[in-house]
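Take a look at the structure set out below.
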Protein chains: 2
Amino acid sequence: MVVVSLESLSGGVLNEAKIHDQVYEALSEALIQGQIPPLKPVSLRTLAQNLGVSPMPVREAVRRLIAEKALELQPSNKRLRVPDLTEKRLMQLMKARQWVEPELAFLATPSVTRDVIRRLREDDQAVMSALAKGDVSAYMQANQDFHFSIYKLADADLFYNMARTLWLQVGPFMRVVFGRMGTVHLPKDHHQDMIRALEEGDAEAVRSSMAADIHEGMELMLEAIKAQVAPEPKRRRRGG
Amino acid sequence: MVVVSLESLSGGVLNEAKIHDQVYEALSEALIQGQIPPLKPVSLRTLAQNLGVSPMPVREAVRRLIAEKALELQPSNKRLRVPDLTEKRLMQLMKARQWVEPELAFLATPSVTRDVIRRLREDDQAVMSALAKGDVSAYMQANQDFHFSIYKLADADLFYNMARTLWLQVGPFMRVVFGRMGTVHLPKDHHQDMIRALEEGDAEAVRSSMAADIHEGMELMLEAIKAQVAPEPKRRRRGG
DNA sequence: TCGCGGCAATTGTGATCACAAAATGCGCGG
DNA sequence: CCGCGCATTTTGTGATCACAATTGCCGCGA
């Protein structure tokens, strides 16, 4: 099973990018989409083999991801894996997301054009469609597209990268939660309100609806993680 | 001129750490302390030679720092250097610092003990002393100690690392600004108020005094960078 | 004196090899 | 049948080599 691939994003024309950047992008996407479950151990050589490159560029990409807390090295020092989410950690991620992402949406508001609105409507449509079909993967992809289409407009690199780093950390767990409870119980999206506020150029309204959107999603994960504390202390996870 | 060293932090007893971690710590410290000026090009092999290690662990440490935006790779793709600070970027750093660090201080408040207060008084004393002597290096070191002594208590890894990352990006420029205008004009520290609020356990007061402290310092840098926009478009920097 | 062309040195990148430590699998003993 | 210890395998880490591209420098020419 190859959860990450290189060709998919090198696209074909984009040939100048460094290999380790491509590996990083591939791994990032896989993590944000939750294609790599928490605690899943990954190895440099295995990844390298799957991607058809030498372990070296994988090492560099992984080093970046470790710096972003998207991956971790066990204290034992010999095992690379996706970190687990403690309740404390999730609380911090929630607070951080509730600060940066509304801020990004706020900053993006003045740059919204008719064309952007149209694309957001498409993304939102894809979100609804995915929910209807119960397709978790499609939902996560469309939701990511929707959010980052907005964030990109903010022209605020630092905040943008912070948001991306936060998604990297939340992604793997989000997939687990949604996969467990199905897409049915997913929070009603505030996307409609957000689009309306964006159209009207009401930056404050955009900010608050984004905050609400994130709040609901994260609250869901928080409940899920609380419920998951006790269960089986030992669990063998294989495949996915 | 060796601005980074390994022995200084390996201390002697800390022997289990990986080399690339030591290199990372050394470079981090150098950056936060502003010992590496903006736009200063650094090279893997040179650093490795100075540190007495092979280029490999340096490469990994540098990759982490690039991920944290503490270093950058020129678009030309062949030159590693400390990024410059645009006004836009500094604004974002200011906003981010004004959010995380007061939050960290807020969270730290309940964990404050008499022992902590004593150490903070020592740090603040060192800050005042450095200011009196006009010793920029000592000031930055003491100021860092003061702030992170508090942040450490918050028991919030994510926020703590965010703060550290922000300091990594601000450090080099802070040194330039302070070095240019001297330590005389440095903002009156809000450290006294902060210590008092910490003693009284008034978390909200701690948060606001931390916000004020950061606000003044960053405002100073903002003015400095605005004034620096026009000057010489070309400047040769050598030594340091 | 200044501009520019070309060469040498240095740079980051990627691959490969070597090594110690931890994880895994297996078989023995209970 | 289950637990434990040992040997093999796999892991991350560090060093070294090779390479193409860029940088920086030197000298030539106007």
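Chain letters run A, B, ... following the sequence lines, proteins first and then strands; every chain starts at 1. What you see below is based on every heavy atom in this structure, not just the backbone, and it leaves out hydrogens, waters and symmetry mates.
Between A:Glu60 atom CD and D:dG14 atom P there is a gap of 13 Å when expressed in whole angstrom units. In this structure, the CG atom of A:Leu44 is 15 Å from the P atom of C:dA23, given to the nearest Å. As a whole-Å value, the separation of A:Arg63 CZ from D:dT11 C1' is 13 Å. Between the CD1 atom of B:Ile19 and the P atom of C:dA20 there is a distance of 14 Å, given to the nearest Å. Residue A:Leu80 contributes atom CG, which lies 14 Å from atom C1' of C:dA22 at whole-angstrom precision. In this structure, B:Leu51 places its CG atom 11 Å from P of D:dA15, rounding to the nearest Å. Atom pair B:Lys18:NZ and D:dG12:P shows a separation of 12 Å (rounding to whole Å applied). Between the CG atom of B:Leu47 and the C1' atom of C:dG12 there is a distance of 13 Å, rounded to whole Å.
Under the rule for a ring pair (Phe, Tyr, Trp, His ring centres under 6.0 Å), the partners of B:Phe148 that lie at least two apart in sequence or sit in another chain are B:Tyr151, B:Tyr160, B:Trp167. Taking A:Ser111 as the reference, A:Leu153 meet the side-chain contact (heavy atoms from CB on, under 4.5 Å) condition, with sequence neighbours excluded. Every residue two or more places apart in sequence or in another chain was checked for a salt bridge (Lys or Arg N to Asp or Glu O under 4.0 Å) with A:Arg45, and none qualifies. With sequence neighbours left out, B:Lys69 forms a salt bridge (Lys or Arg N to Asp or Glu O under 4.0 Å) with no residue at all. Remark: A:Ser149 engages A:Asp123 in a side-chain hydrogen bond (donor to acceptor under 3.5 Å, both in side chains) (not counting sequence neighbours).
A salt bridge (charged side-chain N to carboxylate O under 4.0 Å, His left out) with A:Glu72 holds for exactly one of A:Arg79, A:Lys40, A:Arg81; it is A:Arg81.
Between A:Pro57 and A:Pro41, the residue whose closest nucleotide on DNA chain C is further toward the 5' end is A:Pro57.
Applying the 4.0 Å criterion to OP1 and OP2 of D:dT13, one finds that B:Ser54 has every side-chain N and O outside that range. Phosphate contact (OP1/OP2 of C:dT10, side-chain N/O of B:Ser43, threshold under 4.0 Å): absent.
Residue contacts for A:Arg81: at a heavy-atom cut-off of 4.0 Å it reaches no nucleic acid atom on any strand shown. Within 4.0 Å (heavy atoms only), A:Val62 reaches no atom of the nucleic acid at all.
Note on ring orientation: taking the six-membered ring where Trp is involved, the planes of A:Trp99 and B:Trp99 are parallel (angle under 30°, cut-offs 30° and 60°).
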Could you encode protein contacts along nucleotides 17-23 of chain D as a string, one character per nucleotide from 5' to 3', using B for base contact, S for sugar-phosphate-only contact and - for no contact, with a heavy-atom cut-off of under 4.0 Å? -B-BBSS
